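What follows is a single structure, and I will ask about it in a moment.
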Amino acid sequence: MKSNAIFICLSIFFYVSASSQQYIDFSTVSLTNSYTSVSFFDTDSVQWHAIKVRSGSTTQNNQAAVCLNKSADAGLYSDSITYGIAYLSFLYQQAFSTNCNAQVFINDSCVGLITTEQEQGVTHFFSIDISWCATPAVIKIVQTSSSSGQLNIADICYVPTWEPFKLKTHTY
């Protein structure tokens, strides 16, 4: 009986973990071949803002990508993700011949660097466990300078950190 209860608890945990993953599909974002700024919503209704972006080349899995301009203020920003985030991943690639340098921020803390060197068209995978961020979170992916090359980004995926269950105590 006890092993059945443990199995059910683990099954619920894995179901909740898998079903809570949020995904950004750039094929639904209105992008052109000219650099512009747009806003859109992800699968959890969180609004995102893309500054100085255009339609990017597809990555190795043939998914639509967004391309950040060679500009220090080009980037992707989420609005506040209410329950924080536990995990973040995405694909990226150097779009043209200029090497890329970008940074990944969670709530204004740099959690990762994206660099490429003579790797035009090579797709890389970025991922980070950020389970420490249980407060409302903002994700930012930004160019470090105007000398950084154009950067394709695709398949952004994050897992919210859900509020823990709270047990009610009674006094007798």
Side-chain angles (χ1 to χ4, degrees), residues 20-130 132-133 135-161:
S20 64
Q21 179 174 308
Q22 305 306 318
Y23 177 73
I24 299 166
D25 179 7
F26 291 109
S27 66
T28 61
V29 179
S30 297
L31 295 170
T32 65
N33 287 331
S34 299
Y35 288 101
T36 187
S37 297
V38 297
S39 294
F40 56 92
F41 291 92
D42 67 19
T43 56
D44 197 30
S45 299
V46 171
Q47 189 168 22
W48 285 74
H49 310 279
I51 312 301
K52 295 188 179 176
V53 297
R54 68 172 178 81
S55 159
S57 301
T58 57
T59 53
Q60 68 186 12
N61 63 355
N62 293 323
Q63 296 298 317
V66 63
C67 182
L68 301 181
N69 192 4
K70 285 177 70 167
S71 175
D73 58 347
L76 290 168
Y77 308 86
S78 74
D79 279 352
S80 184
I81 300 166
T82 305
Y83 297 114
I85 55 175
Y87 176 79
L88 172 67
S89 70
F90 56 88
L91 297 175
Y92 68 94
Q93 70 179 205
Q94 178 180 323
F96 301 108
S97 60
T98 305
N99 296 336
C100 297
N101 289 296
Q103 295 177 312
V104 180
F105 290 89
I106 304 296
N107 290 346
D108 295 324
S109 292
C110 184
V111 296
L113 301 174
I114 299 170
T115 58
T116 63
E117 193 167 319
Q118 305 302 316
E119 300 173 282
Q120 181 178 353
V122 177
T123 301
H124 297 277
F125 181 71
F126 176 90
S127 70
I128 187 166
D129 174 14
I130 39 183
W132 50 264
C133 186
T135 60
V138 173
I139 301 170
K140 295 179 187 176
I141 304 169
V142 294
Q143 293 280 36
T144 57
S145 71
S146 58
S147 62
S148 177
Q150 289 95 330
L151 182 66
N152 288 328
I153 297 174
D155 297 348
I156 296 177
C157 183
Y158 67 90
V159 176
T161 304

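Only this structure's heavy atoms are used, side chains among them; waters, hydrogens and symmetry mates stay out. Nothing here was measured: the structure is a model prediction, and the numbers come from that model.
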Let me confirm one number: the CG-CZ distance from N33 to R54, rounded to the nearest 0.5 Å.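 One gets 6.0 Å once the value is rounded to the nearest 0.5 Å.
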
Any chance the side chains of T36 and S34 put a donor and an acceptor closer than 3.5 Å?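 No, no side-chain donor-acceptor pair sits under 3.5 Å.
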
I156, D44, D155 screened by side-chain contact (heavy atoms from CB on, under 4.5 Å) with Y23, the one that passes: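 It is D155, the one option of I156, D44, D155 that forms the side-chain contact (heavy atoms from CB on, under 4.5 Å) with Y23.
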
Return the set of residues passing ring pair (Phe, Tyr, Trp, His ring centres under 6.0 Å) with F90 (not counting sequence neighbours), or none when no residue passes.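 F90 satisfies ring pair (Phe, Tyr, Trp, His ring centres under 6.0 Å) with F126 once adjacent residues are dropped.
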
Check: S55 and F26 side chains under 4.5 Å, non-hydrogen atoms: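 No, side chains not in contact.
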
Would T43 and Q22 count as a side chain to side chain contact (heavy atoms under 4.5 Å, CB included) if you check the C-alpha gap in whole Å, the side-chain angles of each, and the deciding distance to 0.1 Å? CA-CA 6 Å; T43 56; Q22 305 306 318; 2.8 Å; yes

Interatomic spacing from CD1 in I130 to CG in L88 - rounded to 0.5 Å: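 Interatomic distance, I130 CD1 to L88 CG, rounded to 0.5 Å: 5.0 Å.
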
Mind checking whether L68 and K52 have side chains closer than 4.5 Å, heavy atoms only?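 A side-chain contact is absent here, since even the closest heavy-atom pair is not under 4.5 Å.
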
Where is the tightest heavy-atom contact between T161 and A86, given as atom of each residue plus distance?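 Residues T161 and A86, closest heavy atoms: OG1-N, 3.1 Å.
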
So which of Q94, Q143, Q103, K70 actually passes side-chain hydrogen bond (donor to acceptor under 3.5 Å, both in side chains) with S148?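 Answer to the side-chain hydrogen bond (donor to acceptor under 3.5 Å, both in side chains) test with S148 among Q94, Q143, Q103, K70: Q143.
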
Can you name the residues that form a salt bridge (Lys or Arg N to Asp or Glu O under 4.0 Å) with D129, not counting sequence neighbours?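 Residues passing salt bridge (Lys or Arg N to Asp or Glu O under 4.0 Å) with D129: none at all.
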
Yes or no on side chain to side chain contact (heavy atoms under 4.5 Å, CB included) for W48 and D42, after CA distance, side-chain angles and deciding distance? CA-CA 7 Å; W48 285 74; D42 67 19; 3.0 Å; yes

SG-CD distance between C67 and Q150, expressed to the nearest 0.5 angstrom: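 That separation rounds to 5.5 Å.
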
Quick one: are V66 and V29 in side-chain contact, heavy atoms under 4.5 Å?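 When only atoms from C-beta onward are counted, V29 and V66 do not touch, as no gap falls below 4.5 Å.
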
Between T116 and H124, is there a side-chain heavy-atom distance shorter than 4.5 Å?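 Touching, per the 4.5 Å side-chain cut-off.
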
Quick one, V104 and I128 - any side-chain contact, counting heavy atoms below 4.5 Å?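 V104 does not reach I128 side chain to side chain.
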
Closest approach of S27 to A64 (non-hydrogen atoms, all atoms of both residues):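 Scanning both residues, the minimum pair turns out to be N-CB, 3.5 Å.
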
If you look at every heavy atom in A50 and L76, which pair is closest and at what distance?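 Between these two residues, the closest heavy atoms are CB-CD2, 3.5 Å.
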
Compare all side-chain heavy atoms of H49 with those of D79 and state whether any distance is below 4.5 angstrom.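 Of all side-chain heavy-atom pairs linking D79 with H49, at least one is under 4.5 Å.
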
Of the non-hydrogen atoms in S147 and T98, which two are nearest, and what is the gap between them?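 For S147 and T98, the tightest heavy-atom pair comes out as O-CG2, 3.6 Å.
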
Residue list, ring pair (Phe, Tyr, Trp, His ring centres under 6.0 Å) with Y158, at least two apart or on another chain: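 Listed in chain order: nothing, the list is empty.
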
For S37, check side-chain contact (heavy atoms from CB on, under 4.5 Å) against everything at least two apart and list the hits.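 With neighbours one apart ignored, the set is I51.
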
Heavy-atom check, side chain of Q93 versus side chain of T123, under 4.5 Å: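 Q93 vs T123: side chains touch.
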
Output a table of donor-acceptor pairs, distance under 3.5 Å, between side-chain atoms of residues 105-115 and any protein atom two or more places apart or on a different chain; print 'none' if there are none.
{"residue": "N107", "atom": "OD1", "partner": "V138", "partner atom": "N", "Å": "2.8"}
{"residue": "N107", "atom": "ND2", "partner": "P136", "partner atom": "O", "Å": "3.1"}
{"residue": "D108", "atom": "OD1", "partner": "K140", "partner atom": "NZ", "Å": "2.8"}

Heavy-atom distance under 4.5 Å between the side chains of Y92 and L151, does that happen here?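 Yes - at least one pair of side-chain heavy atoms lies under 4.5 Å apart.
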
List in chain and number order the residues that pass side-chain contact (heavy atoms from CB on, under 4.5 Å) with F125, two or more places apart in sequence or in another chain; answer none if no residue qualifies.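 F125 satisfies side-chain contact (heavy atoms from CB on, under 4.5 Å) with Y87, S89, L91, S127 once adjacent residues are dropped.
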
